[in-house]
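All ligand and atom numbering here is 1-based and tracks the order in the structure.
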Amino acid sequence: MGVLYFIALSEESTDRDSLSQTKQDLEIEESVGNEVQETEGEMRVLKPLSCLIPGAVKNVCLIILNRPLERSLVKHVWSCSLFKAVSDGAADKLLECMEDENEKFTPDLISGDFDSATKSVIDYYKQKSVKIIETPDQDETDFTKCLRIAIKETKSKEEVGQYVVIGCIGGRLDHQFANIETLYTALSLTTKPVFLISEGSAACLLRPGKTLIEVSTGLEDDWCGLIPVGQRCAHVSTTGLKWNLKDQALGFGELVSTSNTYTDDQVTVETDHPLLWTMGYRLK
Ligand SMILES: Cc1ncc(C[n+]2csc(CCOP(=O)(O)OP(=O)(O)O)c2C)c(N)n1
Ligand SMILES: O=c1ccn([C@@H]2O[C@H](COP(=O)(O)O)[C@@H](O)[C@H]2O)c(=O)[nH]1
């Protein structure tokens, strides 16, 4: 089934220097069905850790959020990225993290309500011709707004196959729930997968239907989980896990699959509702 998107942009969104966009400006409506980028038979195929192998892929749109950044993680994902977006205070974190190598790590855009980024840092990136977009709306997080913009900016780049978000795990619990909620919003913004990857954990929201998850990069830690955050999933079946589910229900107060592990290089998950997949990784 095909997918057609309508993107409504305001007049001023064509100004490349300093832009201000609202939620309405960035609304992207999905009109027909759900198509996935890569399928095997009737299964969607996800490779959550492919962006952690330097140079293994060059299909990432990277989004950096405002948490302390691990230099090696930035370098690994950056080397796999075609487009790099930074959300508000993450501009300070990026500059601080890359120190002497800053010249090599200039993003394509920075967006936010700019209540966190230091003005001198934004000026530094402005002078390097980084696109700066102000998103003052206070009904969505800077991450959601940044993701909307990144998706719009990369719409014509067919090579982009995944959105990878770093600086997204740890710290404030409300932010972490908001970041997971953004994965729900993303389901209707793009057919491509959005991975949260930070501090040894990766997560993505599985769409209803069947998904094959490749877990053979050698970077996988020995734990994984299926978290029914958002709603109960009444029918979940899995293969490739030590504790598999056979048309079972997952729900808070009922059953949540944590501290699970692998018996195979591939995991399959069939679910009737969106379901959060999470797994551990270790960088080499
Ligand atoms: C029901 C409701 N609760 C809370 C808010 C407030 N709110 C939601 S998203 C948002 C913007 C958050 O900005 P961001 O920079 O992502 O996070 P910060 O670091 O400022 O907390 C705000 C203020 C709201 N608009 N509606
Ligand atoms: O502890 C945190 C702080 C921030 N985030 C995410 O980063 C963006 C941008 O944050 P600002 O504070 O506006 O600079 C925010 O929308 C959160 O998604 C976070 O995850 N954890």
Side-chain angles (χ1 to χ4, degrees), residues 18-28 48 51 60-71 73-74 77-78 81 83-98 105-126 130-153 162-190 193-205 227 229-230 276 278 281:
S18 177
L19 304 176
S20 176
Q21 299 195 347
T22 65
K23 183 183 174 191
Q24 286 75 22
D25 292 331
L26 299 165
E27 205 71 62
I28 301 174
C51 67
V60 172
C61 172
L62 171 63
I63 293 158
I64 306 179
L65 303 187
N66 187 15
R67 290 271 310 144
L69 298 169
E70 194 186 346
R71 198 177 168 103
L73 178 64
V74 177
V77 187
W78 197 284
S81 299
F83 190 87
K84 299 105 186 171
V86 169
S87 180
D88 200 351
D92 288 43
K93 297 289 192 302
L94 180 64
L95 200 63
E96 189 184 305
C97 170
M98 301 326 291
F105 293 89
T106 304
D108 297 284
L109 85 84
I110 303 173
S111 73
D113 54 11
F114 297 126
D115 63 348
S116 319
T118 308
K119 189 179 174 304
S120 60
V121 170
I122 297 299
D123 288 344
Y124 166 85
Y125 283 118
K126 233 181 215 171
V130 175
K131 191 167 174 177
I132 310 294
I133 301 181
E134 209 178 328
T135 54
D137 165 31
Q138 293 297 295
D139 287 333
E140 283 193 324
T141 66
D142 278 340
F143 169 35
T144 306
K145 292 176 280 180
C146 187
L147 181 66
R148 284 180 190 281
I149 295 167
I151 288 171
K152 178 175 80 68
E153 294 277 326
Q162 54 180 319
Y163 295 86
V164 174
V165 186
I166 64 172
C168 52
I169 294 173
R172 276 174 50 178
L173 191 57
D174 65 334
H175 271 141
Q176 290 183 72
F177 276 110
N179 294 346
I180 292 169
E181 198 275 333
T182 303
L183 298 183
Y184 273 84
T185 303
L187 290 183
S188 61
L189 297 179
T190 178
V194 180
F195 298 111
L196 303 181
I197 302 185
S198 289
E199 304 195 19
S201 295
C204 64
L205 196 60
I227 319 294
V229 61
L276 192 79
T278 184
Y281 70 85

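Near Gly89, meaning under 4.0 Å from any of its heavy atoms, are these atoms of ligand 2: 14 (O). Per-residue contacts place Arg172 under 4.0 angstrom from the following atoms of ligand 1 (heavy atoms of the residue considered): 21 (O). Applying the 4.0 Å criterion to heavy atoms of Asp113 picks out, from ligand 1, the atoms 13 (O), 15 (O). Ligand-side atoms of ligand 2 in range of Ser87: 8 (C), 9 (C), range being under 4.0 angstrom from any heavy atom.
Contact between Asp108 and Phe83 at its shortest, heavy atoms only, is OD2-CA, 3.4 Å. Across Pro107 and Leu94, no two heavy atoms sit closer than the pair CD-CD2, 4.0 Å.
At a heavy-atom distance under 4.0 Å, only side-chain atoms of His175, from C-beta outward, approach ligand 1. Only the side chain of Asp115 comes within 4.0 Å of ligand 1, judged by heavy-atom distances. Looking at Thr182 against ligand 2, nothing comes within 4.0 Å, counting heavy atoms.
Given atom 7 (N) of ligand 1, the protein heavy atom at minimum distance is Gln138 O, 3.1 Å. The nearest protein atom to atom 13 (O) of ligand 2, hydrogens excluded, is given as Asp142 OD2, 2.8 Å; this is a heavy-atom distance. Atom 12 (O) of ligand 2 has Ser116 OG, 3.1 Å as its closest protein atom, hydrogens excluded (heavy atom only). Looking only at protein heavy atoms, the nearest one to atom 17 (C) of ligand 2 is His175 CD2, 3.6 Å.
At least one N or O atom of Phe143 sits closer than 3.5 Å to an N or O atom of ligand 2. Looking at ligand 1, you won't find any N or O of Thr141 less than 3.5 Å from one of its N or O atoms. Not one N or O of Ser116 is nearer than 3.5 Å to an N or O of ligand 1, by distance alone. Considering backbone and side-chain N/O of Asp139, one or more are found under 3.5 Å from N/O of ligand 1. Considering backbone and side-chain atoms alike, Arg67 places every N or O at 3.5 Å or more from each N or O of ligand 2.
Among Asp142, Asn66, Thr135, Val165, the one residue that satisfies the side-chain contact (heavy atoms from CB on, under 4.5 Å) test with Ser87 is Asp142. Exactly one of Val86, Leu109, Leu95 qualifies for a side-chain contact (heavy atoms from CB on, under 4.5 Å) with Tyr125. That residue is Leu95.
Side-chain N/O atoms of Thr182 and Thr185 include no donor and acceptor closer than 3.5 Å.
For the atom pair CG (Asp137) and CZ (Arg148), the distance works out to 8.5 Å, reported to the nearest 0.5 Å. In this structure, CD1 in Ile63 is found 4.5 Å from CG in Leu147, a value given to the nearest 0.5 Å.
The option with the heavy atom closest to atom 18 (O) of ligand 2, from among Asn179, Leu173, Ile63, Ile169, is Asn179. Which of Val86, Asn66, Asp174 comes nearest to atom 7 (O) of ligand 2 through a heavy atom is settled by distance: it is Asn66. Closest to atom 6 (C) of ligand 2 by heavy atom, among Thr144, Asp115, Leu65, is Leu65.
A heavy-atom separation below 4.0 Å is not found between Lys145 and ligand 1. Distances from ligand 2 to the non-hydrogen atoms of Gly171 include no value under 4.0 Å.
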Inset, instruction - Using the side-chain hydrogen bond (donor to acceptor under 3.5 Å, both in side chains) rule, take Asp92 and Thr118 through it: C-alpha gap first, then chi angles, then the decisive distance, then the call. - result: CA-CA 7 Å; Asp92 288 43; Thr118 308; 2.3 Å; yes
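Protein non-hydrogen atoms do reach within 4.0 Å of atom 11 (C) of ligand 1. For atom 4 (C) of ligand 1, the nearest protein heavy atom lies 4.0 Å or farther away. Protein heavy atoms come within 4.0 Å of atom 22 (C) of ligand 1. Within 4.0 Å of atom 16 (O) of ligand 1, at least one protein heavy atom is present.
A heavy-atom distance below 4.5 Å is found between the side chains of Ile180 and Leu276. When side chains are defined from C-beta on, Leu196 counts as touching Phe143, because their heavy atoms get closer than 4.5 Å. Side chains of Phe195 and Val77 form no contact here, defined as non-hydrogen atoms less than 4.5 Å apart. Proximity of Asp113 to Gln138: side-chain heavy atoms (C-beta onward) are separated by under 4.5 Å at one or more points. When side chains are defined from C-beta on, Cys97 counts as touching Val74, because their heavy atoms get closer than 4.5 Å.
In Tyr184, the OH atom is crowded: over 12 heavy atoms of neighbouring residues, nucleotides or ligands sit closer than 6.0 Å.
Formation of a donor-acceptor pair under 3.5 Å by the Tyr124 side chain with backbone atoms of Lys119 is not found in this model.
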